[in-house]
Every structure is written in C-alpha cells, then in structure tokens.
Protein chains: 2
Amino acid sequence: MNVPASKSSSPEETIHGHGLRMTDQRRAVFDVLMGERDHPTAVEVFTRVRAKVPNISLATVYNCLDTLTACGLVKTVAHERESARYCPNLEEHAHFFCESCGTVSDIPLRPRKQPQDVWNFPADFSISHHEVSFGGTCPKCAAKAAKQNRN
Amino acid sequence: MNVPASKSSSPEETIHGHGLRMTDQRRAVFDVLMGERDHPTAVEVFTRVRAKVPNISLATVYNCLDTLTACGLVKTVAHERESARYCPNLEEHAHFFCESCGTVSDIPLRPRKQPQDVWNFPADFSISHHEVSFGGTCPKCAAKAAKQNRN
DNA sequence: GCCTTAACAAGAACAATTCCAATTTAGATT
DNA sequence: AATCTAAATTGGAATTGTTCTTGTTAAGGC
Ligand SMILES: [Mn+2]
Ligand SMILES: [Mn+2]
Ligand SMILES: [Zn+2]
Ligand SMILES: [Zn+2]
C-alpha cells in the first residue's frame, strides 16, 4: 500500500508488484478513468465501463476502484458527505467543487510549496497525507451568472 | 445562512437573527459542543446531550446540528467517508486526524496566510469555502510507538 | 489438463443520514 | 391568562452509498 506507481511502469507491472492480477474488469475500470480527465463517482464509472464489459457488477467496480487506489494508480476523492469520486491525476493537487454545475477541477500545488507553509502544525505531528477541497463557483458558471445579471 | 456569529452576540441572538427560536434542545446541543474542545459525531453528541434532555431524539440532534451550522455557531467537519463531526472552534483552521487513536486536532491557519499561497488557482475561480484535512500520527501516538520500539 | 486461490456476480446487509406524519411547544395575539 | 399558528420535535420508516456474503468463474503455476 502507498507505493506510488512510477510513470515508467505499466499498470500491469504496478498491480503485479502488489501481488495482484490484471483482469479485464480492472483494466476496463482503469481505462475508463484514464479516458477522461474528470472525477466520476463509482456509479458513473459503472455505467461507462458497462459499454466495454457489459456484465460487470457494481460490487466489482467498487472492488476494482479500491484495488487501483491501493496500488496508487488512481486517487479517491471525498468531499463533504457526497459520494466518493475517483481521479486519474497522480500529481499532488487539491480539488475545486463548483456548487453551481457540480464539476470538479484539479488545483495543482505551487512548486516547492507545502501545506505546512500555510497551516501551523504544533511540533511532532507526522503527516502521512492531506486532502484539500475548495467550494465555490467555477469560471464558466461565473460567466453565465454575469450574463444573466446583465439582462 | 453564512452569517458569522460575532463573538459579542449570544447564541440566542444569533439564532433569532436567522428567524429561528432557541429551544431547550438547541441550547443543550450547543452547550454539549462548547463544553469540550473535541469533535464528536452526531451520535456522540446525542449520548452526551441525553444526560440533560433525556427524551431528545437523534433526528432532533441532527436538526439542531444543522441549524447551528447554518447559523454559523458551530462547524461541520467531513473526513473521507467517515461520519460527520462537529466543531465548536469558529476560527479558521484545518483538521488533523490521527490514524492511530482517532482524535481530531485543530490546526490553525498561519496569520496572513491563505490556501491560495500554496495552491495555484487558474484565474476566475471564486472560492466560497475550503476544507483541509490531514491524516497521520499525533505526537501522543508517535511517543507511544517510539517507546514500544525501544523494547 | 489439474488445482489452488484470487477475482467476480448478485443480492442481502449495513450505517449514516434524511424524510415523514403526528404531536408538542414557543411566543404572538387576543 | 387562554387561544392560536407556525415552528420544532419525535419516533419510525425510507433512502443512499457502500460493504459483506455466498456461490461461481477463471488465472496461472504445476
Ligand atoms: Mn483530481
Ligand atoms: Mn475543529
Ligand atoms: Zn460551474
Ligand atoms: Zn493519536
């Protein structure tokens, strides 16, 4: 667990490195996530992947998403109490949730910056991971709202 | 909604300012949260508040927590897919979740710093709120682990 | 080709939260 | 002080997203 997938190795190799097998279902779930740069829920992944593997079950989609996450091939994204989303972007980044249209955007970390630059940790906290999410209005929706207001 | 409770005004005033009433149940839920500087779940609040209001229902505890949050008197804290927690600290801060003992600690924002100092937002994103959570090992648990290792 | 074990499918179970309909209560109005 | 009305509470049912269970399928080492 927590072994990052190096860019050079294939997903097969990464999965094998965890003592697991690359199955059609895992491959299909992985491909669906890589195919779009968005953040689908498990059910959205399920409906997309059914086009390729018509008999896959939702339980298997959940299992695949869990194993892919455990192998470091995708990321799981939680926001408030909504259903989990899955992200193919392995770079360190935060998430922006547009409250108007629901889209999720990746927000990259500035080079050479760390969360500790902004939050003041008492000594001796050992941080193993962080999850940062922002809520607000995306540029697209802001533009739409501005246009509305002009009328 | 989103009207912050100024420190000078009482919870009654704040609630009235939102056109709502201060009831025994709301008062008791509020007092329970203010009574400890921790981050209880709804069920934990429920069991604590039952000491004072023995017949309160869990649904009411959820309702009270929602209204107190809407009035800005407490904060709701989400972390991964766990049950929601509630926080009496109105200062801007992040949360640290100890994976070993489960405690939640407040991590203050450094003065004059912003999340935007660390994350690079494409222009035109209007941020209305953010939630930042860290996972890892708290100092107490780190010390315990170190002691174990020494044996 | 056989065997062991991992992976999958289908549906049941689960936990947290929300919804609903009936009852109670706060506080305004007489 | 009694009455009235909308808001709040209650208890239980319903919902939702996710996990668990059990029987079946299929890799891949031998
Ligand atoms: Mn992402
Ligand atoms: Mn807090
Ligand atoms: Zn938007
Ligand atoms: Zn700890």
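In what follows, chains are A, B, ... by sequence order, proteins preceding strands, each numbered from 1.
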Donor-acceptor pair, distance only, cut-off 3.5 Å: does the side chain of [X] make one with the backbone of [Y]?
| X | Y | value |
| --- | --- | --- |
| A:Arg50 | A:Ile56 | yes |
| A:Arg85 | A:Thr76 | no |
| B:His16 | B:Thr14 | no |
| A:Arg26 | A:Arg21 | yes |

Atom of A:Ala123, atom of B:Pro139 and distance for their closest heavy-atom approach: O-CG, 3.8 Å
Any side-chain donor near an acceptor of the partner, B:His79 and B:Ser133, under 3.5 Å: yes
Nearest whole Å is fine: how far is [N] [atom2] from [X] [atom1]?
| X | N | atom1 | atom2 | answer |
| --- | --- | --- | --- | --- |
| A:Arg27 | C:dC8 | CZ | P | 14 Å |
| B:Arg50 | D:dG11 | CZ | P | 7 Å |
| B:Leu20 | C:dG27 | CG | C1' | 14 Å |
| A:Arg26 | C:dA9 | CZ | P | 11 Å |
| B:Glu80 | D:dT19 | CD | P | 12 Å |

Rounded to the nearest 0.5 Å, what's the gap from NE2 on A:His129 to CZ on B:Phe134? Could you check? 10.5 Å
Taking only the side-chain nitrogens and oxygens of [X], find out if one of them lies under 4.0 Å from OP1 or OP2 of [N].
| X | N | value |
| --- | --- | --- |
| A:Gln25 | C:dA9 | yes |
| A:Thr23 | C:dC8 | yes |
| B:Ser57 | D:dT10 | yes |

Could you give the angle between the helix axes at the two ends of the helix from C:dG1-D:dC30 to C:dT30-D:dA1, with five pairs per end, rounded to 10 degrees? 20°
Return all side-chain donor-acceptor pairs below 3.5 angstrom for residues 59-66 of chain B, not counting sequence neighbours, or 'none' if the list is empty.
unit_1	atom_1	unit_2	atom_2	d
B:Thr60	OG1	B:Ser57	OG	3.0
B:Asn63	ND2	B:Ala59	O	3.4

Return a single string for nucleotides 13-21 of chain C, one symbol per nucleotide in 5' to 3' order, where B is base contact, S is sugar-phosphate-only contact and - is none, cutoff 4.0 angstrom on heavy atoms. ---SSBB--
How does protein reach along nucleotides 25-30 of chain D, written 5' to 3' as B (base within reach of a heavy atom under 4.0 Å), S (only sugar-phosphate), or - (no contact)? --B---
Around atom NZ of A:Lys140, are there more than 12 heavy atoms from other residues, nucleotides or ligands closer than 6.0 Å? no
So which pairs with a foot in residues 103-115 of chain B pass salt bridge (charged side-chain N to carboxylate O under 4.0 Å, His left out), sequence neighbours left out? none
Under 3.5 Å, which donor-acceptor pairs do the side chains of residues 29-38 of chain A form with other protein atoms, sequence neighbours left out?
unit_1	atom_1	unit_2	atom_2	d
A:Asp31	OD1	A:Arg27	NH2	3.4
A:Asp38	OD1	A:Arg48	NH1	3.3
A:Asp38	OD2	A:Arg48	NH1	3.4
A:Asp38	OD2	A:Arg48	NH2	2.7

